[in-house]
Participant: 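Supplied in structure tokens, the structure appears directly below.
The first residue in the sequence is number 1, and the count goes up from there.
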Amino acid sequence: MRTCGVEITGSDVLLCLLTKEDDVFDIRDVRQTRFTLANVGQDTEQMRKFQFDFAKLMADYQVDSVAIRQRAPKGKFAGSATGFKMEAAIQLIEGLDVRLLSSTEVKEQLKRNPLPIDFEDTGLKKYQENAFVNAYVYIMKKTYRPDE
């Protein structure tokens, strides 16, 4: 199972590619770990280019699924309009299994299946931590609850 964890913050999409085969996790190197939308998603062509580039990256690395942390639509920790546009662009990619994970799901899954390694030992950049956690949680959820 090859999963891309995604964290959307402001106008950035942060990525981490995690695979699990025979109960062994492997963090894959990816040619691009961040996408940034400059015009705050107001340009249609830029949104199409982002969607195409993201889809191409997922196809090139043969990604099975994408796990995105769900953001609150309103309140103190609400996501930005740009973030929701980028999330929708990812969700609408044909043939890509995209799952939204609530914060509650992430916390519950981490309580049941704590990370087997300290994040500092993964070799990833600090900004990729939430994307890594999203991918890990989704893989563990699929492993122990394949019916969902």
Side-chain angles (χ1 to χ4, degrees), residues 1-22 24-107 109-110 115-143 145-146 148:
M1 175 184 293
R2 192 168 290 188
T3 301
C4 180
V6 174
E7 178 69 14
I8 300 174
T9 57
S11 61
D12 290 331
V13 174
L14 311 172
L15 308 174
C16 175
L17 190 58
L18 187 65
T19 61
K20 181 182 179 197
E21 294 174 14
D22 301 325
V24 176
F25 287 98
D26 185 24
I27 299 170
R28 301 287 176 149
D29 286 333
V30 185
R31 70 174 173 257
Q32 188 168 357
T33 58
R34 172 184 286 181
F35 287 96
T36 302
L37 245 58
N39 288 344
V40 195
Q42 296 174 355
D43 183 14
T44 304
E45 285 306 312
Q46 188 177 18
M47 287 301 292
R48 284 189 180 131
K49 182 178 179 349
F50 161 72
Q51 186 182 38
F52 175 82
D53 291 345
F54 191 91
K56 179 74 171 134
L57 187 72
M58 296 300 109
D60 289 351
Y61 287 96
Q62 300 170 348
V63 172
D64 301 319
S65 54
V66 175
I68 303 173
R69 178 96 45 111
Q70 193 173 17
R71 290 154 303 117
K74 55 185 171 179
K76 185 177 180 181
F77 299 105
S80 67
T82 303
F84 286 111
K85 287 180 180 182
M86 291 187 291
E87 183 179 295
I90 294 169
Q91 286 179 304
L92 293 173
I93 295 172
E94 192 71 33
L96 190 61
D97 178 30
V98 179
R99 300 293 173 171
L100 296 178
L101 304 171
S102 72
S103 294
T104 307
E105 280 180 299
V106 171
K107 288 176 186 172
Q109 199 60 247
L110 288 175
L115 290 171
I117 185 172
D118 286 335
F119 181 76
E120 291 79 28
D121 298 333
T122 63
L124 295 170
K125 307 268 190 242
K126 180 68 178 156
Y127 65 83
Q128 291 178 286
E129 183 172 7
N130 287 334
F132 169 74
V133 169
N134 293 345
Y136 173 77
V137 164
Y138 182 70
I139 288 173
M140 295 311 288
K141 185 176 174 183
K142 285 297 275 188
T143 300
R145 290 188 189 171
E148 291 183 19

Participant: With side-chain contact (heavy atoms from CB on, under 4.5 Å) as the criterion, how do I117 and F25 come out once you've worked through the C-alpha distance, each side chain's angles and the decisive distance to 0.1 Å?
Facilitator: CA-CA 10 Å; I117 185 172; F25 287 98; over 6 Å; no

Participant: Once side-chain hydrogen bond (donor to acceptor under 3.5 Å, both in side chains) is applied, do any residues pair with T36, and if so which ones, sequence neighbours excluded?
Facilitator: D12

Participant: Which value, rounded to the nearest 0.5 Å, describes the distance between Q51 atom CD and M86 atom CE?
Facilitator: 13.0 Å

Participant: Using the six-membered ring wherever Trp is involved, compare the ring planes of F50 and F35 and label them parallel, tilted or perpendicular (cut-offs 30° and 60°).
Facilitator: perpendicular

Participant: Among residues at least two apart in sequence or on other chains, which ones pass salt bridge (Lys or Arg N to Asp or Glu O under 4.0 Å) with D53?
Facilitator: K49

Participant: Can you list, pair by pair, the side-chain donor-acceptor contacts under 3.5 Å of residues 87-98, counting residues two or more places apart and other chains?
Facilitator:
residue: E87; atom: OE1; partner: R71; partner atom: NH2; Å: 2.7
residue: D97; atom: OD1; partner: R99; partner atom: NE; Å: 2.9
residue: D97; atom: OD1; partner: R99; partner atom: NH2; Å: 3.2
residue: D97; atom: OD2; partner: Y138; partner atom: OH; Å: 3.2

Participant: What residues form a side-chain hydrogen bond (donor to acceptor under 3.5 Å, both in side chains) with E45, not counting sequence neighbours?
Facilitator: R48

Participant: Check residues 122-131 and write down every donor-acceptor pair under 3.5 Å in which the side-chain atom is one partner and the other belongs to a residue at least two apart or another chain.
Facilitator:
residue: T122; atom: OG1; partner: F119; partner atom: O; Å: 2.7
residue: T122; atom: OG1; partner: L124; partner atom: N; Å: 3.3
residue: K126; atom: NZ; partner: E129; partner atom: OE1; Å: 2.5
residue: Y127; atom: OH; partner: T33; partner atom: OG1; Å: 2.8
residue: Q128; atom: OE1; partner: K125; partner atom: N; Å: 3.0
residue: Q128; atom: NE2; partner: L15; partner atom: O; Å: 2.8

Participant: Taking only residues two or more places apart in sequence, or in another chain, which ones meet R69 in a side-chain hydrogen bond (donor to acceptor under 3.5 Å, both in side chains)?
Facilitator: N134

Participant: Using salt bridge (Lys or Arg N to Asp or Glu O under 4.0 Å) as the criterion, list what pairs up with R34, not counting sequence neighbours.
Facilitator: none

Participant: Which residues pass the salt bridge (Lys or Arg N to Asp or Glu O under 4.0 Å) test with K107, sequence neighbours left out?
Facilitator: none

Participant: I'd like to check the salt bridge (Lys or Arg N to Asp or Glu O under 4.0 Å) partners of D60; sequence neighbours left out, ordered by chain and number.
Facilitator: R31, K56

Participant: Once ring-ring contact (aromatic ring centres under 6.0 Å, His included) is applied, do any residues pair with F52, and if so which ones, sequence neighbours excluded?
Facilitator: none

Participant: Can you tell which of L18, T19, L17 makes a side chain to side chain contact (heavy atoms under 4.5 Å, CB included) with D26?
Facilitator: T19

Participant: Between NZ of K141 and CD of E105, what distance do you get to the nearest 0.5 Å?
Facilitator: 3.5 Å

Participant: Run the side-chain contact (heavy atoms from CB on, under 4.5 Å) check on R28 and R2 step by step: do they pass?
Facilitator: CA-CA 9 Å; R28 301 287 176 149; R2 192 168 290 188; 3.7 Å; yes

Participant: Hey, what do you get for OH (Y136) to CD (Q109), rounding to the nearest 0.5 Å?
Facilitator: 7.5 Å

Participant: Check side chain to side chain contact (heavy atoms under 4.5 Å, CB included) between D118 and all other residues, then give those that pass, not counting sequence neighbours.
Facilitator: E120, D121

Participant: Looking only at non-hydrogen atoms, find the nearest pair between A135 and C16 and report the distance.
Facilitator: CB-O, 4.3 Å

